[in-house]
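My questions all concern the structure below.
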Amino acid sequence: MIDTHSHIYLPQFEEDLDEVLSRAEQVGITDIFMPAIDFNSNDQMEKIEHASINFHQMVGLHPADVKELESQFEQELFDRCSAEKIVGVGETGLDYYWSTDYVAEQKKSLHAHCKVAKATNKPIILHNRESTSDLLNIIDKEQNGALTGIWHCFNGSVEEGKKAIDLGLHLGIGGVVTFKNGGVDKTVKELPLNRMVLETDAPYLAPTPKRGKRNEPAFMQITAEKLATIFDVSVQEIIEKTSNTARSLFKI
Ligand SMILES: [Zn+2]
């Protein structure tokens, strides 16, 4: 199983990371992809290691952390993303839930991430909160046939999911698909499984029945089981399909 979105380098895991990673190994997680919050995240990622799990780093600036962008931001993003070990660009995106003070800067940052993703031929990781139409409009503008990526923690409508897929994106499916009343399970059922990847967004958004607790990669098993129920296939099929999609998207 591949966790395509996990912030295990954050302080929430400082005390028991070894236990967290051995639980991940026990459920069969082989690869963990780590999206960045800001440029300091990669120093934290460097410290993560485990004998039988592969870790993959990304570089980016989370939309909720965007303030005034420095003039050399795009160049620095490009330089950092060009490193061979960096497998993706993000996380970026738009977030109008926490604050709308820096919407213009968030959009500028998202454009910069798109340009760098295309220039480095690496997928983009998109965060979206109460900003779907602006997000999809920007991806539409930036798409020149070379942009790939993931709408992480997909929570849109069927129509928005289809539009995202038409624009070349994949859908990251995490704990919210297990939430009662969320409706994400019904939406996901109407969308193609071959464009989905599994993720946790650890330490956030733990699946039911762990909802409200700290999320961790091992809990992705619950999400895989939920998807198997939704699509009426075996858990093994879910794991194989989503892992193959993740491998080809990130070229690992
Ligand atoms: Zn995230």
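In this chain, residues are counted from 1 in sequence order. All of these numbers come straight from a predicted model, not from anything done at the bench. Note that ligands are numbered from 1 as they come in the structure, with each ligand's atoms numbered from 1 the same way.
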Listing, residues 55-71 side-chain donor-acceptor contacts under 3.5 Å, not counting sequence neighbours, or none:
{"from": "H56", "atom 1": "NE2", "to": "D31", "atom 2": "OD2", "distance (Å)": "2.7"}
{"from": "Q57", "atom 1": "OE1", "to": "N42", "atom 2": "ND2", "distance (Å)": "3.0"}
{"from": "Q57", "atom 1": "NE2", "to": "E46", "atom 2": "OE2", "distance (Å)": "3.0"}
{"from": "H62", "atom 1": "ND1", "to": "A64", "atom 2": "N", "distance (Å)": "3.0"}
{"from": "H62", "atom 1": "NE2", "to": "H127", "atom 2": "ND1", "distance (Å)": "3.3"}
{"from": "E70", "atom 1": "OE1", "to": "Q72", "atom 2": "NE2", "distance (Å)": "3.2"}

Distance-only donor-acceptor pairs under 3.5 Å for side chains of residues 224-234, two or more places apart:
{"from": "E225", "atom 1": "OE2", "to": "Q221", "atom 2": "NE2", "distance (Å)": "3.0"}
{"from": "T229", "atom 1": "OG1", "to": "E225", "atom 2": "O", "distance (Å)": "3.0"}
{"from": "S234", "atom 1": "OG", "to": "E237", "atom 2": "N", "distance (Å)": "3.0"}

Identify all side-chain donor-acceptor contacts of residues 173-183 below 3.5 Å with residues at least two apart in sequence or on another chain.
{"from": "T178", "atom 1": "OG1", "to": "G175", "atom 2": "O", "distance (Å)": "2.6"}
{"from": "T178", "atom 1": "OG1", "to": "T208", "atom 2": "N", "distance (Å)": "2.9"}

- Message: Applying the side-chain contact (heavy atoms from CB on, under 4.5 Å) criterion to V116, which one of D79, L77, T92, I124 satisfies it?
- Response: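 Going through D79, L77, T92, I124 one by one, the side-chain contact (heavy atoms from CB on, under 4.5 Å) with V116 is satisfied by L77 alone.
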- Ignoring hydrogens and angles, state whether a donor on the side chain of N215 or T200 is under 3.5 Å from an acceptor on the partner side chain.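 No donor-acceptor contact under 3.5 Å links the two side chains.
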- Query: Have H7 and E91 got a donor and an acceptor in their side chains that come within less than 3.5 Å?
  - Reply: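 Yes, a side-chain donor-acceptor pair sits under 3.5 Å.
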- Item | For the Zn ion (ligand 1), every protein N/O/S atom that sits closer than 2.8 Å, waters excluded |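 You should have found H5 NE2, H7 NE2, E91 OE2, D201 OD1.
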